[in-house]
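Contents: one structure, followed by commentary.
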Amino acid sequence: MDIHEYQAKEILRDFGIITPPGGMAYSPEQATYRAHEIGGDKWVVKAQVHTGGRGKAGGVRVCDNEREVFDAANEMFGKKLVTHQSGPDGKIVYRVYIEGGVDIERELYLGFVLDRSTERIMVVASSSGGMEIEEIAADEPDTIIRSVVDPAVGLTEFQAREIVFKLGLGATHVQAAVATIKGCYRAFRDLDATMVEINPLVVTADGSVMALDAKMEFDDNALFRRPRISELRDKSQEDVRETRAADRGLSYVGLQGNIGCIVNGAGLAMATMDMIKLAGGEPANFLDIGGGASPERVAKAFRLVRSDDKVNAILVNIFAGINRCDWVAEGVVQALKAGDLDIPVIVRLAGTNVEKGMQILAESGLPIATATTLAEAAGKAVAISNAALNPSKIAAVS
Ligand code: ADP
Ligand code: MG
């Protein structure tokens with residue numbers, strides 16, 4: 001789960017990280033009021049959306065007076081911010097954060113990720129802050145410092161100092177930078193985070209070390225024991241299709257194509273999407289209905305996939321080990337009989353009770369296309385979907 005910059009900053013302040021003074025605004029008037037409260041002569045108006053790259057897309061604006069703060073906030077509210085990280089649909093701005101403007105002397109990058117190869121938390125830092133880590137990796141890979149934390153001892157003082165020295169920070173900044181690194185590590189570990197990123201971490205003209213941006217991601221599977229974190233969820237920033245699925249306990253990722261996929265097991269779901277692509281089609285989603293899916297669950301999955309208007313054909317691909325083909329078939333029949341399914345369905349079943357499953361489909365009298373291999377199923381789904389997209393082509397063929 002992602003949270004907003006202002007929420008991440010609030011959490012990190014509890015772990016000793018220094019940030020500029022700031023406050024939330026939900027209207028341009030409130031933005032000006034906040035700027036007045038913060039004081040000083042420079043402010044930054046920052047769109048709170050679940051995506052990075054806001055600066056380059058107009059979502060971070062430096063202002064020199066309260067009028068500019070008002071105008072910047074006024075422009076941002078309700079705007080769809082499309083950044084190079086947000087995807088083509090962008091994210092709508094409903095919240096704006098007003099922060100005191102800081103005179104930056106140096107911008108650094110500091111990140112904490114779960115490194116899957118070492119199965120440990122890894123600190124990633126670079127003296128080239130302000131750019132995305134992917135850009136740093138491409139343009140200035142030599143500046144990247146990586147340091148793996150041993151879980152038995154945690155992040156040591158020595159290790160943090162070593163990172164700080166490699167960043168080229170002078171003696172006056174060592175203590176503050178070490179405190180920042182250690183604080184972020186504790187926040188990561190204590191709150192079941194999967195990512196903490198401060199980009200940029202800056203040294204200011206008056207010599208302090210501050211987090212100007214903050215991003216945190218949390219492990220969804222640990223949210224049950226983190227009520228303070230789960231409360232920070234902002235559904236307005238999530239794909240509605242994915243939110244609906246998560247609320248129903250289904251594992252769903254929305255994509256851009258037209259073929260809806262209902263599959264069991266993440267591996268098979270990936271293979272199904274590959275086969276669709278290979279046959280010249282585009283999947284509309286990744287949906288794993290999981291093991292032991294009841295007919296009700298299958299019917300629920302159908303409704304979810306169908307709720308995406310782009311979907312013009314549904315491919316069901318089940319390899320039943322723990323699952324049972326007859327249950328899945330019953331679910332398909334249930335969904336179709338409920339009457340709210342007006343698009344072609346292609347079903348491929350294999351494994352436990354496959355004969356019984358095929359029999360249920362055949363006896364239902366419903367227009368369900370079946371296939372015995374995945375390649376055949378994908379081929380049929382793509383042909384049907386493409387025909388629906390280009391009706392003129394069928395006319396030409398027939
Ligand atoms: P994003 O990463 O989404 O583009 P950031 O919060 O990193 O957003 O802001 C982009 C840039 O704006 C930063 O790299 C920094 O140079 C500048 N900036 C952000 N906050 C402040 C601030 N409080 N004072 C001065 N400059 C800021
Ligand atoms: Mg940033």
Side-chain angles (χ1 to χ4, degrees), residues 5-6 8-22 44 52 55 99-218:
E5 172 199 2
Y6 78 94
K9 281 180 168 165
E10 198 174 308
I11 292 172
L12 292 171
R13 275 196 289 270
D14 287 349
F15 288 87
I17 281 78
I18 312 290
T19 64
V44 184
E99 193 167 70
V102 165
D103 288 328
I104 303 168
E105 197 139 275
R106 276 192 69 188
E107 290 194 311
L108 311 161
Y109 175 93
L110 178 63
F112 295 74
V113 288
L114 263 181
D115 178 41
R116 294 185 190 277
S117 60
T118 54
E119 301 175 355
R120 287 171 184 198
I121 297 174
M122 182 162 76
V123 188
V124 182
S126 165
S127 48
S128 306
M131 292 195 270
E132 308 300 329
I133 187 67
E134 292 80 7
E135 283 176 74
I136 304 176
D139 299 349
E140 298 179 44
D142 297 343
T143 69
I144 298 182
I145 302 153
R146 294 183 180 83
S147 185
V148 173
V149 182
D150 184 330
V153 258
L155 181 84
T156 61
E157 183 85 17
F158 163 76
Q159 200 174 359
R161 290 172 86 84
E162 192 177 49
I163 296 166
V164 172
F165 288 133
K166 283 189 184 162
L167 283 171
L169 288 173
T172 43
H173 303 121
V174 172
Q175 215 174 357
V178 165
T180 304
I181 294 173
K182 288 179 74 179
C184 288
Y185 170 74
R186 277 192 293 119
F188 188 111
R189 185 199 58 192
D190 293 357
L191 301 174
D192 294 310
T194 50
M195 200 264 264
V196 174
E197 186 184 65
I198 313 280
N199 187 25
L201 175 71
V202 301
V203 177
T204 65
D206 60 11
S208 31
V209 175
M210 269 188 190
L212 285 205
D213 192 7
K215 187 170 163 50
M216 289 186 88
E217 278 172 19
F218 296 90

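Quick caveat, the model's predicted, so the values are computed rather than measured.
- Closest approach of Ser147 and Gln159 over heavy atoms only: OG-NE2, 3.0 Å.
- Judged by distance alone, the side chains of Ser127 and Thr143 never bring a donor and an acceptor atom under 3.5 Å apart.
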Full working for side-chain contact (heavy atoms from CB on, under 4.5 Å) between Val123 and Leu110 | CA-CA 7 Å; Val123 188; Leu110 178 63; 3.9 Å; yes
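- Looking at heavy atoms from C-beta onward, Phe15 lies in side-chain contact with Leu191 at the 4.5 angstrom threshold.
- When all heavy atoms are compared, the tightest approach of Ala211 to Lys9 is O-CE, 3.7 Å.
- Across all their heavy atoms, Ile136 and Ser128 have their closest contact at CD1-O, 3.0 Å.
- With rounding to the nearest 0.5 angstrom, the CE atom of Met122 is 7.0 Å from the OG atom of Ser117.
- Among all heavy-atom pairs drawn from Ala160 and Val178, the shortest one is CB-CG1, 3.9 Å.
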CA sep, side-chain torsions, deciding dist, call: Thr180, Ile17, side-chain contact (heavy atoms from CB on, under 4.5 Å) = CA-CA 5 Å; Thr180 304; Ile17 281 78; 4.0 Å; yes
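- In this structure, Leu12 CG and Met216 CE are separated by 5.0 Å, a value rounded to the nearest 0.5 Å.
- Looking at heavy atoms from C-beta onward, Val124 lies in side-chain contact with Ile144 at the 4.5 angstrom threshold.
- Other residues, nucleotides and ligands place no more than 12 heavy atoms under 6.0 Å from the CZ atom of Arg161.
- Atom NE2 in His173 sits 9.0 Å away from atom CZ in Arg106 (nearest 0.5 Å).
- A donor and an acceptor atom, one from each side chain of Glu197 and Tyr109, are located under 3.5 Å apart.
- Atom-to-atom distance recorded for Glu217:CD and Phe188:CZ is 9.5 Å, nearest 0.5 angstrom.
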Test side-chain contact (heavy atoms from CB on, under 4.5 Å) applied to Ile104 and Leu212, step by step | CA-CA 10 Å; Ile104 303 168; Leu212 285 205; 3.7 Å; yes
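- Leu108 places a side-chain heavy atom less than 4.5 Å from the side chain of Leu169.
- Val174 is listed as a side-chain neighbour of Phe165, based on a closest heavy-atom distance under 4.5 Å.
- When side chains are defined from C-beta on, Ile121 counts as touching Leu114, because their heavy atoms get closer than 4.5 Å.
- At least one side-chain heavy atom of Cys184 sits under 4.5 Å from a side-chain heavy atom of Ile198.
- Scanning both residues, Glu107 and Pro200, for their nearest heavy atoms gives OE2-CG, 3.4 Å.
- The two atoms that bring Val164 and Ala177 nearest to each other are CG2-CB, 3.7 Å, heavy atoms only.
- Here Ile181 contributes atom CD1 and Leu201 contributes atom CG; the two are 8.0 Å apart, rounded to the nearest 0.5 Å.
- Put simply, CD on Glu99 and CE on Met210 are 8.5 Å apart, with the number rounded to the nearest 0.5 Å.
- For the pair Ile133/Asn199, no side-chain contact is recorded, criterion being any heavy-atom separation below 4.5 Å from C-beta on.
- Residue Gln175 places its CD atom among 12 or fewer non-hydrogen atoms of other residues, nucleotides or ligands, all under 6.0 Å distant.
- Looking only at side-chain heavy atoms (C-beta outward), Val149 and Thr156 stay at 4.5 Å or farther from each other.
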